[in-house]
Amino acid sequence: MNNELIKGTLILSFATVVIRILGSIFRIPLQNIAGDEVVGIFSLVYPVYMVILTLSVAGIPVAISKMISEANTLGKKGEIYKIYKSALFLSLIFGFTSFLLIMVFSDHIVRLMGGESVRLSLIIVSITLLIAPYMAVYRGYFQGFENMNPTAVSQMLEQFVRVLFILIIANVMVKRGYEPDMISGGIMISSFVGAGLSLLYLRYLFFVSPLKPKKEVEFRFADFLQMSKRILYISLPICIGAITMALINFVDSFTIPVSLIHSGFSEKDIPYLYGIYGRGIALVQIANFFSSSIVLPLIPLISKSIAQQDWNKVSTLTEKTHYYVHLISWPTGFGMFALTLPINLAFFKDLQGSDMLAVFHLSAVFMSLTLLGTGILQGMNKEKLAAQIIVSSVLLKIATNFLFIKWLGLLGAAYSTLFVYFVIFVVNSYFIWKVKSFVFWRKQNNSIVFASLVMAGVVGIPTLLLNISDWSRMGTLLYLLGSLAAAVIVYAIVLLLTKGISKEDLKEMPIVNKLIGKMDLRGKS
């Protein structure tokens, strides 16, 4: 792997980090500006759009890059042109078909999602489907020549513009007194603007690039059919793997409104209630990002170890990645659970839905472990099995949503999420163990859970004794920051006293290992 590719891969990884952070936290200022009802409509519509977008786009850049890389290596310049042209036509077909499907079935979709309040948002955001697959072709084209920079920059540009326009449009429309359904529809324009500017950037790079393919051969319909089959053959498994996690949010958009209506709520209540539910989605995504990002670099090593038939290393990596996620996810979940009240007030201005939010915070533990398990199965070349597990869990989510919401209202949806991710974690772990046995629960995990419980008690009990509802947001935020510092200190002390972490483990962690190295040098001097 050359230095340029390594540099490009690092840039792409950095872009992914930025995109995930922005995609998680923007809901908090949006709720502050426009309220829970607007966030509710957004949270209902966006998963539907994302699933359809994933079906239209996911896998295309990878498939094109793979095909172009192979053709370039073999010196088949004419084939590169055919791949490029076929991918463009295929993307246009995907985009137009996806857009048309939403338009044709919009009445049915709107009815299932709880009423007319989501119609405008659904129609406006679906327009983005006309250009998003087309944009994906250019990302894949540059990747085929081991140039990751255009993809990274275009992704960050798209996300920055999208989030910026969401907040600007929401602020302007709220000040002018628009209704929540109109505001939600307005902010959906941001997706089209972000994708459009990203496409313009990629098109410009493409036309000035020396990598632009030359028309050395005639492009016929038979070439389109041949290349399209190859693109679909490569991209469909990737697409299935990419869509599975999004499906859980997708089914929530349909089953929660229907379940709430059957439980006695009216259509007008749905956007507001789903906005409250959306608070949990935003916070848990942030928590999961930090835990999953630590282990992501280790996942490709599993694939490499299997290819080398180094099964001892597979076991070691599996146990190590599990240990690191346990190390972070338990204190994160328990800490957020203990600080639910100040978190809710500081970020969302009131204490509505705090019980639901508390359950969501606990589910963060198993969401992180689920992401890890799915990644390890994919690293073990068990992509289809990982997808089957998630699809089965989607069916379980549908059933438990209807059942739990009937019993507990909106709180039942949070319990359904907690239950489903726990089940996925257990099933993932079983199949990973079948491929290669590993220590499912290390002794150190007992210390991790114990330290997390002690920490949660120390920072959580005061919130139950204090009348937080009367606090200002600034006062609550300062209290939250102080509690966070105390939580880190208490967790670290208890973890070290109970031997939940060793010096060897610390040395393997980025940043921390450098600090230990400096301390060791000082001790020797």
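Residue numbers count from 1 along this sequence.
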Q) Ignoring hydrogens and geometry, is there a side-chain-to-backbone donor-acceptor pair from Ser106 to Met103 under 3.5 Å? A) yes

Q.
Give me each pair satisfying side-chain hydrogen bond (donor to acceptor under 3.5 Å, both in side chains) with a member in residues 188-200, each pair once, sequence neighbours excluded.
A. Arg139-Ser198

Q.
I'd like to check the side chain to side chain donor-acceptor pair (under 3.5 Å) partners of Tyr46; sequence neighbours left out, ordered by chain and number.
A. Arg162

Q. Does any N or O in the side chain of Asp269 come within less than 3.5 Å of the main-chain N or O of Ser266, such that one atom is a donor and the other an acceptor?
A. yes

Q. Under a 4.5 Å cut-off applied to non-hydrogen side-chain atoms, are Glu79 and Glu70 in contact?
A. no

(Q) For residues 164-185, which residue pairs pass the side-chain hydrogen bond (donor to acceptor under 3.5 Å, both in side chains) check, not counting sequence neighbours? (A) Ser121-Ser184

Q | Test ring pair (Phe, Tyr, Trp, His ring centres under 6.0 Å) applied to Phe145 - qualifying residues, sequence neighbours left out | A | Tyr141

Q. Side chains of Asp252 and Tyr274: do they bring a donor and an acceptor to under 3.5 Å?
A. no

Q: Kindly check if the number of other-residue, nucleotide or ligand heavy atoms within 6.0 Å of CZ (Phe207) is above 12?
A: yes

Let me check something: any side-chain donor-acceptor pairs from residues 30-42 under 3.5 Å, sequence neighbours excluded? List them with distances.
residue, atom, partner, partner atom, Å
Gln31, NE2, Asp36, OD1, 3.3
Gln31, NE2, Phe348, O, 3.2
Asn32, OD1, Arg473, NH1, 3.2
Asn32, OD1, Arg473, NH2, 2.6
Asn32, ND2, Ile28, O, 3.1
Asn32, ND2, Phe347, O, 2.7
Asp36, OD1, Arg279, NE, 3.1
Asp36, OD1, Arg279, NH2, 3.2
Asp36, OD2, Arg279, NH2, 2.7

Q. Partners of Phe99 by ring pair (Phe, Tyr, Trp, His ring centres under 6.0 Å), sequence neighbours excluded?
A. none

Q: Report the residues that fulfil salt bridge (charged side-chain N to carboxylate O under 4.0 Å, His left out) with Arg203, sequence neighbours left out, ordered by chain and then residue number.
A: none

Q.
Suppose we screen for side chain to side chain donor-acceptor pair (under 3.5 Å). Which residues come up paired with Thr476, at least two apart in sequence or across chains?
A. none

Q: Could you tell me which residues satisfy side chain to side chain contact (heavy atoms under 4.5 Å, CB included) with Lys229, sequence neighbours excluded, listed by chain and number?
A: none

Q | Listed partners of Phe142 passing ring pair (Phe, Tyr, Trp, His ring centres under 6.0 Å), at least two apart | A | none

(Q) Within the 4.5 Å heavy-atom criterion, are Tyr138 and Tyr201 side-chain neighbours or not? (A) no

**Q.** Which atom of Pro213 lies closest to which atom of Ile80, heavy atoms considered
**A.** CB-CG2, 4.3 Å

Q: Name all residues meeting the side chain to side chain donor-acceptor pair (under 3.5 Å) criterion together with Thr340; count only those two or more places apart in sequence or in a different chain, and write none if there are none.
A: His361

Q. Just by distance, with hydrogens left out, do Asn401 and Ser259 show a side-chain donor and acceptor under 3.5 Å apart?
A. no

Q. In chain order, what residues pass the salt bridge (charged side-chain N to carboxylate O under 4.0 Å, His left out) check against Asp223, with sequence neighbours excluded?
A. Lys82

**Q.** Backbone of Leu418 reached by a side-chain donor or acceptor of Ser363 within 3.5 Å
**A.** no

